[in-house]
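Only this structure's heavy atoms are used, side chains among them; waters, hydrogens and symmetry mates stay out.
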Amino acid sequence: MVSMLSGRESLIRLIGKRRRTLPPNLWLLLESVASDSSSGKNKASLEACFATADSEKPGDLAYDVEWVSCPVCGCSIRGTDCIINSHLDSCLATGKKRKLTQSTLLQFNFCPKSSTTTSLTNSSYQANYEKASESNYANESSNNHVLVEFTSVQNCGGNQFSSNSLGHVHCDLDTSDAASIETIVNEQTTSHLGVDLPSHNMHSQNLKIPRLGSNDAEDSDFVGTLETFIVGHRFHQNIELQHDASLSVLRDSENSNDTHAIKVYYAYAESEQMLGYLPRELARCLSPLIDENQIKCQGSITSLPKHPLGAVPIRLVCQKVIKDNSMESVDRETFKLLWRDVVRVVDHAKTPSYQRNFRLLVQDVLHNHLHLFVDEETLFLGSFNLLSDDAQRLFVRLYTRKGPWFRMANISYPEISDPKKAILELQLAGYIDSFPLSKDPSINDIRDVLDVLFVSEIREISKLELCKKGVSSARRKDICNRVYHAYINGRCPYLPKRVLELAGTCVKISSMAEMLLWRVQRLFFLNGDQDLSAFLLVNLGLVRFPDYTCSVSLPIFPDRNDLLAYDEALGIAQIMDQSLDEYNLEMIVRCINLCNSRIPKSFEKEIQLFVPDSPPKFFSHFSAAWVYSKVLFLGVSVFEHERRYEDAVGLLRVLLSRFTCDSRRGHWMLRLSIDLEHLGHLDESLSVAEEGELDPWVRAGSKMALQRRIVRLAKPPRRWRVPNCAQFLKRKIKEVNINGRPLNCETGAKNIFYGYDGDLCGVEQLALQYYAGDGGNWQGIHSESGIWMTIFGLLMWDIIFSDVPNVFRSKFQMAPLDLDTDDFYVVRKFHIEAHLKLIQDGKSEEILTNSWKSHLGTSCRGVNWERHSLSELQAVVACIGGRCLASLCRHLAQDYRSWSSGMPDLLLWRFHGDRDVGESKLVEVKGPRDHLSEQQRAWMLLLMDCGFDTEVCKVSPVPLS
């Protein structure tokens, strides 16, 4: 019952994926809010939450941890006991010393840095960031992989080049600069991160810089070795792979899928034995060099793939074709640029996609939303690129797992060479925390860390700590709860020690990293449903997003305070949703009261969105006030469920008084009128309904429901005149009655009938069989709104994804952000009307066909590529006709939110003759004891006005003999 509360689904969509940890200050805020609920449910849970909040440092940044200076090496580290001890052990073990400032143990002073310490400003960080961003993906920090080797034919020793964080800049430097570059890297590491990163010191000593294009002799003798792989071998499985076999490459410019394609085959086979192709990106960069006869390539298979369909690792040796000494410098520069692209692509391919995607995500947000972060946060996020590859990969791996705690003994990934070293590096950088913590662990930490134990281990703890009896239940959840509550009550004081003995060291994402990266993802995707997995789906080709232009001129969050308020509001919304899972009424009421108290402050910002020259209206969807309104309306549903109608009326009045330009006002007014009637205030209920009918923001089904209430309540002596809407509501909708043989006649159960073919079916399938036979030989589908949203998306594709400022903010959108607002039609009115004129003039089938062929498989809101075929959609569009389609598309463009649901169940069509003339019909099917909803009635009347043939088909059961 609780999960079906009105407004719950909308709130869940707004929250998206729940955060693992919420800021502790939210629990303090909720504690300070007086609750009028006498329910004492889950009191222990509340105390646990407040205990966590009390254990954190209060202030603007609740996650802050003081930074201290190491007395041995002088580095800045986070001031927690476990990190200090780990860092000291590392320093002393490696023999690090600050010879000029060496301190004795008596002089150790672990004091926080002075508050007057100068930090980078946003402007200086932006300048440094833009310089660093020029090398883009070349800066992959792949220190532990030898991606490219450059050798000289004359110098047998050759120089090896290991790609590092400086990327392609090295190609312009001499080998003698390696020491100075090492110094620069170390200085940047210290100044930007304040942490010693041993991995950078370890790899920088092997840094050697190649010299490309330094003189003609070296150009003529240039040889490059690329570690890459063959793709597409699964299409040539009849050719056996041979380890160390020699390979040749050949351009395949006639390839219809890729004109840059380069195929790979055995070098000395009697006949051409093709093994596959070079990767697309590598071929794109390498093909110009081959076409211009500047380079020749041969290779060998370095190893056989573990999976028969996997990529085949190969080593490709590329030698420059020797030309005369008169070669122009322009050719040398062109060669250098093209080869640099080749190196970048190979470097890029060696880095796991999830690591690249994560870095791209953070870099994009820092570039576009830098004003929303303070200096400490920008430095923290920017420091991620300074971590070693192992540390970066391990962090992303852990961040994308459920957690929150992970056993170090179970952390193992093939692409991470040393997980323990990576964990230490992440701890020093402040990205993860370990258990046990420096202080006494909070109650929440104890509860969460129990999840990493096996059932047998939890049983062992319960037997040792709970009077040798243990817990009889076989369910893991029951055992954990019993042990956890025993710890809270003081009967199991040694629980943290027992957990540490059994699980070993456990780690989790630090609160600062968790909070900042949650904001980063929210700023990038602007919703809670998408995360890093969206990149993976695109990389695998499972999802393809439309092509559109991201033209951003206005920030959604003008300043940091707006983002923090939105963040806090979403946190409260999540607590509200979690409380509804267990129906903790006390916490629910606290959330409602807190939101009610916060709306006036947020409303001051909200009201500015509706003055002239204001930002687009959809910006309000990313405000704290919008989130609070969602929580309050869900609170209305909770109060109605509890029959606390006076409280529900109070919340509805708050919403209606503060959100005067909102399409949700219709539903709010309807609920207010109904709740006032529950309280016996019939006159006031009628007045609210009459006011709602005149409100321009009350539309579709809500308006019709209010009109029906007016007709019912406006009777003498309350009203002596017949309402104006009474005549409109008397409009008749055509009805057809059919009989069916029911399988069951139980009240509340799904209606199941025997179809005309003898098989069991629902009322919709029964109606389809009727219309296909005695009902007029119609073809049809049961789709409700689905097929109409698909037709609208295909017909209006060019309009939906047209160039409009600020509505597209990332490349992962399936629709513009203003689709659900009135601005969608207003901003594009001229283009929409011109497009609808084409549809009305009979071009709809052509537009739909072209859109289908051009965008098949591309994600678009409302479009379902798999449910309907092109021929089916073409037949539907041809039978409906241009005038009806244009009218329907206009209504959807003007108010997509109100009209995107509630369409009739069945869409029927049939042709007369050779597809020259056709007709269509829309049918709403109703079973026994079922009636039209107000939204469905509104749709039926609207479709009648648009010229559609509509009717209601009522299925009546034949009495069982």
Stepwise side chain to side chain contact (heavy atoms under 4.5 Å, CB included) test for S783 and H868: CA-CA 10 Å; S783 178; H868 312 289; 3.8 Å; yes
Set of ring pair (Phe, Tyr, Trp, His ring centres under 6.0 Å) partners for H855, sequence neighbours left out: W797
Any Y566 side-chain heavy atom under 4.5 Å of R522 side chain: yes
T790 (side chain) donor-acceptor with N864 (main chain) under 3.5 angstrom: yes
K617 vs S663 side-chain heavy atoms within contact, under 4.5 Å: no
Euclidean distance, S810 OG relative to N368 CG, rounded to 0.5 Å: 10.5 Å
For R401, all residues meeting salt bridge (Lys or Arg N to Asp or Glu O under 4.0 Å), sequence neighbours excluded: none
Sole residue of F622, F557, F619 in side chain to side chain contact (heavy atoms under 4.5 Å, CB included) with D562: F557
N357 vs L536, side chain to side chain contact (heavy atoms under 4.5 Å, CB included): CA-CA, chis, key distance, verdict: CA-CA 8 Å; N357 295 337; L536 178 61; 5.5 Å; no
Nearest-0.5 Å distance that lies between atom CE in M512 and atom CG in L517: 10.0 Å
Sequence neighbours excluded - ring pair (Phe, Tyr, Trp, His ring centres under 6.0 Å) pairs with any residue from residues 529-549: F524-F535, F535-F812, F545-F812, Y548-F808
Residues forming a side-chain contact (heavy atoms from CB on, under 4.5 Å) with A261, sequence neighbours excluded: D252, N255, D258, Y277
Any side-chain heavy-atom pair of L870 and L856 under 4.5 Å: no
C889: partners by side-chain contact (heavy atoms from CB on, under 4.5 Å), with sequence neighbours left out: F792, L795, M796, L836
Worked check of salt bridge (Lys or Arg N to Asp or Glu O under 4.0 Å) between R13 and E9: CA-CA 6 Å; R13 285 198 305 269; E9 184 178 352; 3.4 Å; yes
Which residues share a side-chain hydrogen bond (donor to acceptor under 3.5 Å, both in side chains) with N561, sequence neighbours left out: none
Separation between CZ of F633 and SG of C595, rounded to the nearest 0.5 Å: 14.5 Å
CG-CZ distance between D798 and R828, expressed to the nearest 0.5 angstrom: 12.5 Å
Any donor-acceptor pair under 3.5 Å from R20 side chain to Y399 backbone: yes
Close side-chain approach of L361 to F525, heavy-atom, < 4.5 Å: yes
Derivation of the side chain to side chain contact (heavy atoms under 4.5 Å, CB included) call for D364 and L523: CA-CA 10 Å; D364 182 88; L523 288 169; over 6 Å; no
Side chain to side chain contact (heavy atoms under 4.5 Å, CB included) between F373 and V520, intermediate numbers included: CA-CA 10 Å; F373 298 93; V520 165; 4.2 Å; yes
side-chain hydrogen bond (donor to acceptor under 3.5 Å, both in side chains) contacts in which one or both residues fall within residues 538-547, not counting sequence neighbours: R544-T858
Side-chain donor or acceptor of S851 paired with backbone N/O of I847 under 3.5 Å: no
Intermediate values then yes/no, ring pair (Phe, Tyr, Trp, His ring centres under 6.0 Å), F824 and Y896: CA-CA 9 Å; F824 179 80; Y896 190 89; 7.8 Å; no
Partner of Q521 under side chain to side chain contact (heavy atoms under 4.5 Å, CB included), chosen from N527, V365, L532: L532
Inter-residue atom distance L570.CG - L26.CG, 0.5 Å rounding: 10.0 Å
Any D818 side-chain heavy atom under 4.5 Å of P616 side chain: no
Whether R356 side chain and T351 backbone form a donor-acceptor pair below 3.5 Å: yes
Minimum heavy-atom distance D820-R897, with the two atoms named: O-CB, 3.8 Å
Qualifying residues under side-chain contact (heavy atoms from CB on, under 4.5 Å), relative to V552, sequence neighbours excluded: N806, R809
S10: side-chain hydrogen bond (donor to acceptor under 3.5 Å, both in side chains) partners, not counting sequence neighbours: K630
Contact summary for W626 and S620, nearest pair of heavy atoms: CB-O, 3.1 Å
Beyond-backbone contact of F659 with R665, side-chain heavy atoms, under 4.5 angstrom: no
Contacts of R664 that satisfy side-chain hydrogen bond (donor to acceptor under 3.5 Å, both in side chains) - sequence neighbours left out: S629, D662
S802 side chain vs I799 backbone, donor-acceptor pair below 3.5 Å: yes
Aromatic ring pairing Y431/F395, orientation class (parallel under 30°, perpendicular over 60°, tilted between): perpendicular
Side-chain donor-acceptor pair present, Y354, Q392, cut-off under 3.5 Å: no
Within-4.5 Å side-chain heavy-atom neighbours: L873 and V876: no
Rounded distance [0.5 Å steps], NZ in K17 versus CD in Q574: 13.5 Å
Set of side-chain hydrogen bond (donor to acceptor under 3.5 Å, both in side chains) partners for D822, sequence neighbours left out: R699
L563 and H369, any side-chain heavy atoms less than 4.5 Å apart: no
Exceeds 12 heavy-atom contacts within 6.0 angstrom, atom NZ of K837: no
Residue pairs fulfilling salt bridge (charged side-chain N to carboxylate O under 4.0 Å, His left out) with at least one residue in residues 563-574, sequence neighbours excluded: R19-D567, R519-D567, E568-R598
